[in-house]
Amino acid sequence: MNIRSATLEDLESVHQIETLSFDDGSYPPFVLRQFFDISHEYFLVAEDEGKILGYVLGNINKNTSQGWVLSLGVHPESRGKKLGKLLTEKLVELLENDLSTEICLTVHPDNTMAKKIYENLGFKAVKTFDNYYNDLEARLLMKKQLITLRFNA
Ligand SMILES: CC(C)(COP(=O)(O)OP(=O)(O)OC[C@H]1O[C@@H](n2cnc3c(N)ncnc32)[C@H](O)[C@@H]1OP(=O)(O)O)[C@@H](O)C(=O)NCCC(=O)NCCS
């Protein structure tokens, strides 16, 4: 199993995993393509023998230096094998290396598996919003604080 940057050829498989993971709330193909265009350095896939088993997608808000974990999904047949954890870990590392001061994400409060991954990686619950995405569902905002040292020469 290998975690690597996503390529254009991966987007169809990523979309399948999105649909299996989020039903009506999944990103349509054109949104995945747009994310790929603007932030493919933070778009990772887990691949095994040519098959895409999972993906994670993030970005950095350059104004606030906040890194974001925007989406994470593992194919239902490949869950429970730490792929979600490995993908998130790798994205957090990339965001941290690019000088994010904190990393943020939102998760459904009942999503025990996802919350476990984030808590294990040092994310802390900050606030629950009743209607964060205007879909009448609650979302928990979680953040991981990073210690970033900047030296002036
Ligand atoms: C959430 C998701 C990405 C997890 O991926 P995964 O590869 O199966 O997760 P992992 O194997 O890394 O396991 C994550 C943790 O959940 C735990 N876990 C496994 N099954 C569990 C269960 N039924 N209930 C609670 N925790 C469980 C694991 O033990 C592990 O914790 P640990 O590292 O402390 O042992 C995957 O379930 C998924 O794609 N879900 C649908 C999309 C989604 O919810 N994405 C996240 C949106 S914020």
Side-chain angles (χ1 to χ4, degrees), residues 1-7 9-36 38-61 64 66-98 100-146:
M1 200 279 301
N2 179 27
I3 294 190
R4 60 164 173 79
S5 295
T7 64
E9 290 68 37
D10 299 327
L11 295 189
E12 196 177 328
S13 304
V14 170
H15 181 246
Q16 281 167 7
I17 297 170
E18 265 277 319
T19 310
L20 290 166
S21 299
F22 298 108
D23 300 318
D24 291 349
S26 63
Y27 295 147
F30 78 91
V31 171
L32 288 173
R33 173 63 203 242
Q34 288 173 328
F35 274 125
F36 179 84
I38 64 162
S39 68
H40 74 266
E41 67 267 47
Y42 305 116
F43 197 157
L44 305 174
V45 292
E47 177 194 28
D48 193 33
E49 296 181 352
K51 230 182 135 196
I52 303 303
L53 307 179
Y55 70 93
V56 68
L57 172 62
N59 209 334
I60 297 179
N61 179 331
T64 59
Q66 271 181 336
W68 280 85
V69 179
L70 297 171
S71 189
L72 167 70
V74 171
H75 192 286
E77 287 171 11
S78 299
R79 289 183 189 161
K81 298 176 183 168
K82 308 277 179 209
L83 294 184
K85 178 188 171 191
L86 291 171
L87 283 159
T88 311
E89 217 165 32
K90 183 73 189 161
L91 175 62
V92 165
E93 197 183 299
L94 291 175
L95 294 169
E96 191 165 3
N97 287 344
D98 287 348
S100 302
T101 53
E102 61 179 7
I103 304 181
C104 312
L105 59 85
T106 64
V107 59
H108 196 287
D110 298 338
N111 194 340
T112 317
M113 274 181 90
K115 274 171 41 181
K116 192 140 191 206
I117 292 176
Y118 305 141
E119 281 161 5
N120 286 347
L121 290 175
F123 285 84
K124 305 254 186 276
V126 173
K127 186 177 174 183
T128 303
F129 293 82
D130 291 339
N131 192 23
Y132 192 85
Y133 293 115
N134 284 329
D135 61 358
L136 302 177
E137 292 271 352
R139 289 294 188 290
L140 176 67
L141 174 68
M142 298 184 83
K143 289 188 180 184
K144 177 182 168 74
Q145 298 296 332
L146 304 173

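We count ligands from 1, going down the list as the structure has it; atoms in each ligand are counted the same way.
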request  = Check the side chains of T7 and D10 for a donor-acceptor pair under 3.5 angstrom, ignoring hydrogens and angles.
outcome  =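 Yes.
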
Just distance, no hydrogens or angles: give the donor-acceptor pairs under 3.5 Å from side chains in residues 40-48, sequence neighbours left out.
from	atom 1	to	atom 2	distance (Å)
Y42	OH	D98	OD2	2.4
E47	OE1	R4	NE	3.0
D48	OD1	M1	N	3.4

ask   = For ligand 1, what are the residues with a heavy-atom contact below 4.0 Å?
value =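 Residue list for ligand 1: S21, F22, L72, G73, V74, R79, G80, K81, K82, L83, G84, K85, T106, V107, N111, T112, M113, A114, K116, I117, Y118, N120.
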
So, do [X] and [Y] sit near enough that their side-chain heavy atoms are less than 4.5 Å apart?
X	Y	answer
K124	Q145	no
E89	L86	yes
L146	T101	no

inquiry  = Check K116 with E119, please: is the shortest side-chain N to carboxylate O separation under 4.0 Å?
reply    =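 Here E119 does not pair with K116 in a salt bridge, since their nearest N and O are not under 4.0 Å apart.
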
